[in-house]
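Taking it in order: structure first as structure tokens, then the write-up.
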Amino acid sequence: MIELKQIRKAFNQGRPNEYWALNGIDLTIEAQKVTAFRGPSGSGKTTLLTIVGCLARPTSGRVRLAEDEISGLPERFLTDIRRSTFGFVFQQFNLIKGLSALENVMLPAFPTGRPHRELRERSEALLDRLKLAHRREARVEWLSGGEQQRVAIARALVNDPKVLIADEPTANLDTTLSREFMGILEGLHAEGRTVILTSHDPLVVESAAVHRVVSMRDGQLTEG
Amino acid sequence: MIFQPAIIALLLASGIAVAMLAAAAPFALQVIRQWDIASGTERQLLLERRTYLFSTLAAFVMVVQLVALLLFVFNADRMAEMFVGAMCAVGTLNVNPFGFPALLAQMAVFFLAAAWLAVNHVDTRAPDYPLVRVKYALLLILLPALALAFVLQLKYFLGLRADVITSCCGSLFSGDAKGLAAEVAALKPLPAMTLFYVVLAVAAGLTFFHARTRRAGYAAAAASAAAFVATIVGVLSFVSLYLYEHPNHHCPFCILKPEYGHQGYWLYVPLFAATAAGLGTGALQPFRQVASLREIVPAVSARLADLAAFGYLLVALIATYFVLHSNLILIEH
Amino acid sequence: MNAWIEKQRHLIDFTLASLARRKAKNLGLLLVYALLVFVLASVALYTHALRQEAAQVLKQSPEIVLQRMVAGRHDLIPPGYLEKIGRIRGVQSIEGRLWGYYYDPVVKANYTFMAPAAEAVKPGTLVVGPAVARSRGLAPGNTISFRAYSGKLFSFTVVGVLPHASELVSADLVLMGEADFRAFFEYPAGQHTDIALSVANPLEVRTVAAKLASALPDSRPILREEVLRTYASVFDWREGIVLALLSAAIFAFAILAWEKASGLSAEEKREIGILKAIGWETGDVIKMKLWEGGLISLTAFLAGFVAAYLQVFRFGAPLFEPVLKGWAVLYPRFELVPAIDGLQVATLFFFTVFPYMAAVLVPIWRAAITDPDSAMRS
Ligand SMILES: Nc1ncnc2c1ncn2[C@@H]1O[C@H](COP(=O)(O)OP(=O)(O)O)[C@@H](O)[C@H]1O
Ligand SMILES: [Mg+2]
């Protein structure tokens with residue numbers, strides 16, 4: 001489904017502090033499976049996710065998404081793909097403060113111009129499903145960590161993406177909440193979605209819900 | 001120079017527009033020289049991001065030019081009371097030889113900016129941005145046009161003197177005057193009407209044809225230009241007469257005056273919109289064979305042509321309404 | 001098309017929400033913006049109203065006024081001039097006028113004394129303008145005395161006060177009978193101050209003036225349209241000067257707008273990063289920010305304009321009167337008739353909204369190109 005060939009990514013290219021965060025990654029990520037990246041801090045996991053999720057372009061190498069070459073696309077088109085194909089759950093949840101849970105969930109669909117009613121109904125249904133119906137109108141900064149993460153998941157799903165990307169999803173959660181998250185994750189997999197995540201939490205990488213674990217170090221893969 | 005708020009506002013707008021584009025010019029050059037869509041470098045990313053700034057700037061300039069065009073005419077009309085012999089904008093514009101060229105330049109800049117935005121629009125829809133270099137070269141051409149419009153305006157306003165005796169629509173468009181405008185105004189109503197309706201019908205027809213079949217794009221654009229001229233001729237030779245209900249008052253500006261209920265705007269706004277769209281169609285035609293634009297250019301061009309067809313139809317209908325609702329009879333039945 | 005409209009609606013929704021969330025930051029800018037509009041709009045509305053008043057004055061005056069000149073100075077019209085003019089084609093009426101100035105030492109102001117044609121005011125009575133009535137506390141039925149330049153004291157009964165509507169025209173007017181006028185000023189019998197001619201067709205005014213000039217070479221015809229033109233340019237000029245002085249303020253405001261728009265807080269930067277990461281395009285962010293600028297402009301413009309309107313037409317323009325009026329000292333409660341002019345509103349809009357939008361364009365773009373992957377790193 002997603003194919004990476006010789007992916008390299010440099011930061012501050014051409015400057016004295018030039019740093020190569022990825023150094024030639026070759027990898028195929030299967031559709032409708034849960035794939036986890038594991039590795040020490042600074043090994044390039046997040047950077048790899050940004051490239052897979054069309055948040056950034058590789059400095060060199062190719063990315064293919066379902067047969068389409070997307071690595072050379074300008075940002076405008078990467079955004080289209082990102083919006084329709086990927087949903088993101090960030091480590092810090094990255095909800096927008098001052099807005100209600102519902103408003104946060106609706107945000108990714110704003111540029112699509114979907115009718116307001118339809119969008120609202122879809123968002124409410126997602127919040128319902130994640131057991132947040134009663135917190136709909138609450139401002140996100142009043143929610144607990146677990147609730148915030150579920151709002152973030154609902155937001156990631158509002159455009160009905162095929163792929164869900166989660167960066168260190170359990171880093172800010174206790175064990176109970178982490179288990180709960182893995183439960184949600186299984187549900188998503190059961191719906192036929194592809195899930196890609198990074199983690200060094202054993203609870204995640206050793207879970208039965210994860211089909212494949214890829215290890216990284218210094219911007220390279222260490223084992224398949 | 002006559003020191004007047006509207007004049008200062010116009011000069012300010014024009015001056016800032018020139019300054020903005022001039023400041024952007026070096027970056028445009030950089031885009032032309034260094035653009036490489038295949039590259040993943042940070043420099044290329046920066047160039048790509050700059051293109052957003054240029055699109056926004058150009059759209060801004062176009063909107064400002066359109067508003068400035070309206071303000072320019074509106075103000076010229078208002079200032080007529082200051083000049084002996086001036087009754088409307090024509091008299092004011094005639095105070096010195098830069099008046100009409102300034103107006104024409106302003107209109108030209110508006111149409112050029114519209115054409116640029118059409119090209120920009122299709123380019124940003126193709127993933128390989130095939131027209132980037134062409135676009136920025138065109139932007140560099142827009143700059144001198146904008147500067148010329150500014151200079152003409154400046155010369156016109158600096159040369160305004162209240163003691164000048166000017167000639168107004170009455171003499172400029174009268175039968176005994178010489179020059180193109182007078183000859184046009186002297187056209188007999190029947191042939192003028194025929195010309196107006198035939199050309200508008202051809203333009204509406206061709207643009208509609210292009211919108212449906214996606215062929216004859218250049219012809220549609222040429223017809224749009226012709227329709228613009230034909231409408232102005234029509235206004236000069238007969239529409240104005242019906243509006244003023246006066247058999248000798250040929251003036252394309254007085255119809256904008258409050259005495260005549262600002263009715264001219266009903267005619268000019270669709271005319272300018274339709275012409276901008278029609279010319280936009282023409283501006284897209286050279287690129288319809290570019291590989292990544294094969295689908296995009298015809299679709300966008302068809303939509304523009306639809307808009308143009310609708311606009312010309314509206315112009316014809318509004319003109320007909322004016323004629324039918326007038327108490328003046330020029331043609332005996 | 002529907003999707004486009006829906007999208008703009010969403011963007012506006014978001015903009016409104018984010019403006020509401022950052023009230024403190026936006027309020028300051030909004031206030032300064034509205035203040036600028038207020039000052040400029042006051043100047044514009046005020047001069048326009050004065051211009052209207054002047055036009056009003058002149059509308060009631062005759063098309064041509066003929067003055068006799070002696071040694072380059074305005075002199076009285078001797079008897080027989082009216083007959084000498086005789087009939088000129090296109091002239092509707094000719095009349096000799098009687099008027100003069102009177103300095104009232106009691107209130108230290110100048111009045112215009114006038115004897116209207118056709119004995120409209122009975123001997124021994126006066127009709128006074130509203131300003132005169134106010135400053136001397138007069139009402140119909142009161143008696144008032146004026147000491148003439150000759151030293152003699154004259155007493156009159158006030159029988160009427162002129163209406164308020166055209167105050168600028170009539171404020172300082174005192175109308176009296178012709179006999180009273182001649183006696184008060186010891187005005188020579190048969191002579192007039194000037195001659196007023198009314199001409200129906202505006203196109204004939206110049207021909208009539210030319211004929212007058214050749215029939216009476218010692219006189220000077222003054223055309224109403226000429227006076228109108230002079231007034232118009234004087235007012236435009238004043239307004240222009242004030243605006244030019246204020247252009248420094250506009251410039252400072254543009255810099256402030258630029259600063260405000262560039263100085264994004266870390267919170268705002270983070271938000272834009274998030275929006276981009278979850279699927280907003282650079283262009284979407286630019287559009288959203290342009291909506292923001294547009295909404296701020298519109299609010300400030302409306303607020304400033306309405307405040308200016310109230311200031312000028314309700315409260316008598318206390319702030320600008322001394323600068324702009326430069327009229328006689330007699331108008332303590334001078335109320336302007338509300339008048340709004342489309343061209344002026346358009347010009348004002350251009351003066352304020354255009355510099356603001358031009359100033360925030362680049363900062364908006366800068367904010368919009370935030371890296372979408374920045375949301376992943378925090
Ligand atoms: N924007 C950036 N500029 C410079 N260096 C960066 C940037 N983003 C990441 N890096 C560097 O790239 C390396 C990999 O980072 P990251 O992908 O976040 O690793 P991980 O997620 O595995 O901890 C780190 O050493 C980090 O310092
Ligand atoms: Mg990380």
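Just so we're on the same page: letters track the sequence lines, and every chain starts at 1. What you are looking at is a predicted structure, and each value in this text was computed from that prediction instead of being measured.
Neither the backbone nor the side chain of B:V63 comes within contact range of chain C, judged by heavy atoms closer than 4.5 Å. For chain B, the nearby parts of C:I369 are the backbone and the side chain; heavy atoms of each come within less than 4.5 Å. Heavy atoms closer than 4.5 Å to chain C are found in both the backbone and the side chain of B:R49. Interface residue C:F350: only side-chain heavy atoms are found under 4.5 Å from chain B. For C:L290, the part sitting under 4.5 Å from any heavy atom of chain B is the side chain, from C-beta outward, and nothing else. At a 4.5 Å heavy-atom cutoff, the contact between B:F60 and chain C is made by side-chain atoms alone.
For the pairing with C:K276, the side-chain hydrogen bond (donor to acceptor under 3.5 Å, both in side chains) check across C:T370, C:T282, C:D284 returns one residue only, C:T282. Here the rule is side chain to side chain contact (heavy atoms under 4.5 Å, CB included) with C:V37, and of C:T352, C:V353, C:V32, C:L302 only C:T352 fits it.
If you check the side chains of C:S297 and C:Y33, you find a donor sitting under 3.5 Å from an acceptor.
Ring geometry for C:F301 against C:F305 counts as parallel: the plane angle stays under 30°, on a 0 to 90° scale with 60° as the upper cut.
If you tally non-hydrogen atom pairs under 4.5 Å between each of B:A17, B:A6, B:A13 and chain C, the highest count goes to B:A13. Between chain B and the residues C:L40, C:I364, C:L361, the largest count of heavy-atom pairs under 4.5 Å involves C:L361.
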Which is it for B:F253 and B:L103 under the side chain to side chain contact (heavy atoms under 4.5 Å, CB included) test, yes or no, and what are the steps along the way?
-> CA-CA 12 Å; B:F253 293 99; B:L103 177 68; 3.7 Å; yes
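Atoms CG and CG, on B:L117 and B:D123 in that order, are 12.0 Å from each other to the nearest 0.5 Å.
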